[in-house]
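Just below is one structure, and these are the notes that go with it.
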Amino acid sequence: MCENKKDLIYMNDNNHNKLYADCENCFGLCCIALYFSASEGFPVDKNAGEPCPNLQTDFRCNIHENLIDRGMKGCNAFDCFGAGQKVARISFDGRNWRKYPELSKQMFEVFLIMRQLHELLWYLTESLTLQQASPIQNELSSKVGELERLSLLDSNSLIKVDVAALRGEVNTLLVRVSELVRNAIQVQGSQPRRKKTLDQRADLIAADLRKTDLRGANLRGACLIAADLRGTDLNGVDFIGADLRDADLRGTDLSKSIFLTQAQLNVAKGDKGTKLPPLLSPPKHWNNN
């Protein structure tokens, strides 16, 4: 009966709704399972398995509304893609690591695996919404179903999942989706447009890209820290794994970009003129720009 309940909750829900973090139904797993070192994003060192000093007994963060001002900018750069509440409420049936410390080690391991599964599900589910990806829709749907079934395994089985192999399989599909989307952008208009030659591996830190035609560009893994992208049209741009820390996105059109995440936006600069994909929201600190 328990398995049927899980299927009911996670299969009948909106595909993307289950991939948003719901901190109210989590046990602050990202605040204890992860490690961080003193840097621009974190003021102090913290070991994995050690609660963040800002984590309260009710598993809430006592500085959540002021993370940037308190030097915790790195927290804005993390997104569990809904893995936290799934581990807390489904994998461990509501048992938290404070009340059941004997479960903590396994819970944290499962959380890290679940987070990777949910990240892959985010990209695959987005792919299913893209008209250009219709030629491989069956393959995408099949992989989504496989990952969802894996995410519902018991905790002992989840730890044995070969996430590296899954990443390789999913990446092959995502590359194909990216090519389909970007190739469609390249041929828009009365004349075919020259294929983008911008090397996403290039050092684009603080680069002024305002006059660069980036439509349909492949910016996978690009280092765009503090890059100036103000007012640019980023239709069809692949942003998977791109570093957008302090990138200036004011007035930028990202509405038809692909594989962009909320965490990437949270560490970038934007304003009311920044157009976003429908699944993402402007960070609160953009209101000051």
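Numbering of residues begins at 1 and proceeds along the displayed sequence. All values below were derived from every heavy atom in this structure, side-chain atoms included, with hydrogens, water molecules and symmetry-related copies excluded.
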| request: Please assess Arg182 against Val237 for the test side chain to side chain contact (heavy atoms under 4.5 Å, CB included), listing each intermediate value before the final yes or no. | output: CA-CA 7 Å; Arg182 292 185 296 104; Val237 174; over 6 Å; no
Close side-chain approach of [X] to [Y], heavy-atom, < 4.5 Å:
X: Val170; Y: Tyr123; answer: no
X: Leu166; Y: Leu150; answer: yes
X: Leu130; Y: Val177; answer: yes
X: Leu224; Y: Leu209; answer: yes
X: Met107; Y: Ser155; answer: no
X: Phe59; Y: Arg98; answer: yes
X: Asp45; Y: Phe36; answer: no
X: Leu67; Y: Cys61; answer: yes

Please determine if [X] and [Y] form a salt bridge, counting it only when a charged side-chain N lies under 4.0 Å from a carboxylate O.
X: Glu119; Y: Arg167; value: yes
X: Glu109; Y: Lys105; value: yes
X: Lys143; Y: Glu146; value: yes
X: Arg60; Y: Asp58; value: no

Distance-only, no hydrogens or angles: does the [X] side chain make a donor-acceptor pair with backbone N or O of [Y] under 3.5 Å?
X: Asp246; Y: Asp248; answer: no
X: Gln85; Y: Asn25; answer: no
X: Thr172; Y: Gly168; answer: yes
X: Asn96; Y: Lys99; answer: yes
X: Ser255; Y: Pro277; answer: no
X: Lys86; Y: His118; answer: no

Taking a hydrophobic cluster as the set of Ile, Leu, Val, Met, Phe, Trp and Tyr residues connected by side-chain heavy atoms closer than 4.5 Å, whether directly or through intermediates, do [X] and [Y] fall within one such cluster?
X: Ile32; Y: Tyr100; answer: yes
X: Val175; Y: Leu147; answer: no
X: Val267; Y: Leu249; answer: no
X: Ile159; Y: Leu153; answer: yes
X: Ile63; Y: Leu29; answer: no

Using 0.5 Å steps for rounding, measure from the [atom1] atom of [X] to the [atom2] atom of [Y].
X: Cys223; Y: Ile205; atom1: SG; atom2: CD1; result: 4.0 Å
X: Leu120; Y: Arg115; atom1: CG; atom2: CZ; result: 9.5 Å
X: Glu139; Y: Leu124; atom1: CD; atom2: CG; result: 11.5 Å
X: Asn66; Y: His64; atom1: CG; atom2: NE2; result: 10.5 Å
X: Leu279; Y: Leu260; atom1: CG; atom2: CG; result: 10.5 Å
X: Arg230; Y: Arg210; atom1: CZ; atom2: CZ; result: 4.5 Å

For a quick test of reading the model, state the closest non-hydrogen atom pair linking [X] to [Y] and the distance between them.
X: Leu121; Y: Val144; result: CD2-O, 3.7 Å
X: Leu158; Y: Ser91; result: CD1-OG, 3.9 Å
X: Ala184; Y: Gln132; result: CB-CG, 4.0 Å
X: Ile258; Y: Ser178; result: CD1-CA, 3.9 Å
X: Leu219; Y: Ala242; result: O-CB, 3.5 Å
X: Asn54; Y: Met72; result: ND2-CE, 4.1 Å

Polar contact flag, side-chain donor to acceptor under 3.5 angstrom, [X]-[Y]:
X: Thr261; Y: Gln264; value: yes
X: Ser141; Y: Asn138; value: no
X: Arg245; Y: Asn76; value: no
X: Thr252; Y: Lys275; value: no

Is the Trp122 to Tyr20 ring centre distance short of 6.0 Å?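 Yes, the ring centres sit under 6.0 Å apart.
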Next on the checklist: Would you say the ring centers of Phe239 and Phe259 fall short of 6.0 Å from each other?
Outcome noted: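 Distance test on ring centres: not under 6.0 Å, no.
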Margin query: I'd like to know whether CD of Gln131 has more than 12 heavy-atom contacts from other residues, nucleotides or ligands below 6.0 angstrom.
Written below: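 Counting neighbours around CD of Gln131, 12 or fewer heavy atoms of other residues, nucleotides or ligands fall under 6.0 Å, so no.
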**Asked** Do other residues, nucleotides or ligands put more than 12 heavy atoms under 6.0 Å from Lys46 NZ?
**Response**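 More than 12 within 6.0 Å, yes.
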Can you check side chain to side chain contact (heavy atoms under 4.5 Å, CB included) on Thr125 and Leu19, steps first, answer last? CA-CA 10 Å; Thr125 305; Leu19 301 175; 3.9 Å; yes
**Item:** Full working for ring-ring contact (aromatic ring centres under 6.0 Å, His included) between Phe111 and Trp97
**Value:** CA-CA 12 Å; Phe111 171 68; Trp97 50 268; over 10 Å; no
Kindly indicate, with the supporting measurements, whether the criterion side chain to side chain contact (heavy atoms under 4.5 Å, CB included) is fulfilled by Arg220 and Asn171. CA-CA 11 Å; Arg220 279 181 153 236; Asn171 186 61; 2.9 Å; yes
(message) For Thr232 and Thr212: C-alpha separation, side-chain torsions, deciding distance, then whether side chain to side chain contact (heavy atoms under 4.5 Å, CB included) applies.
(response) CA-CA 8 Å; Thr232 54; Thr212 304; over 6 Å; no
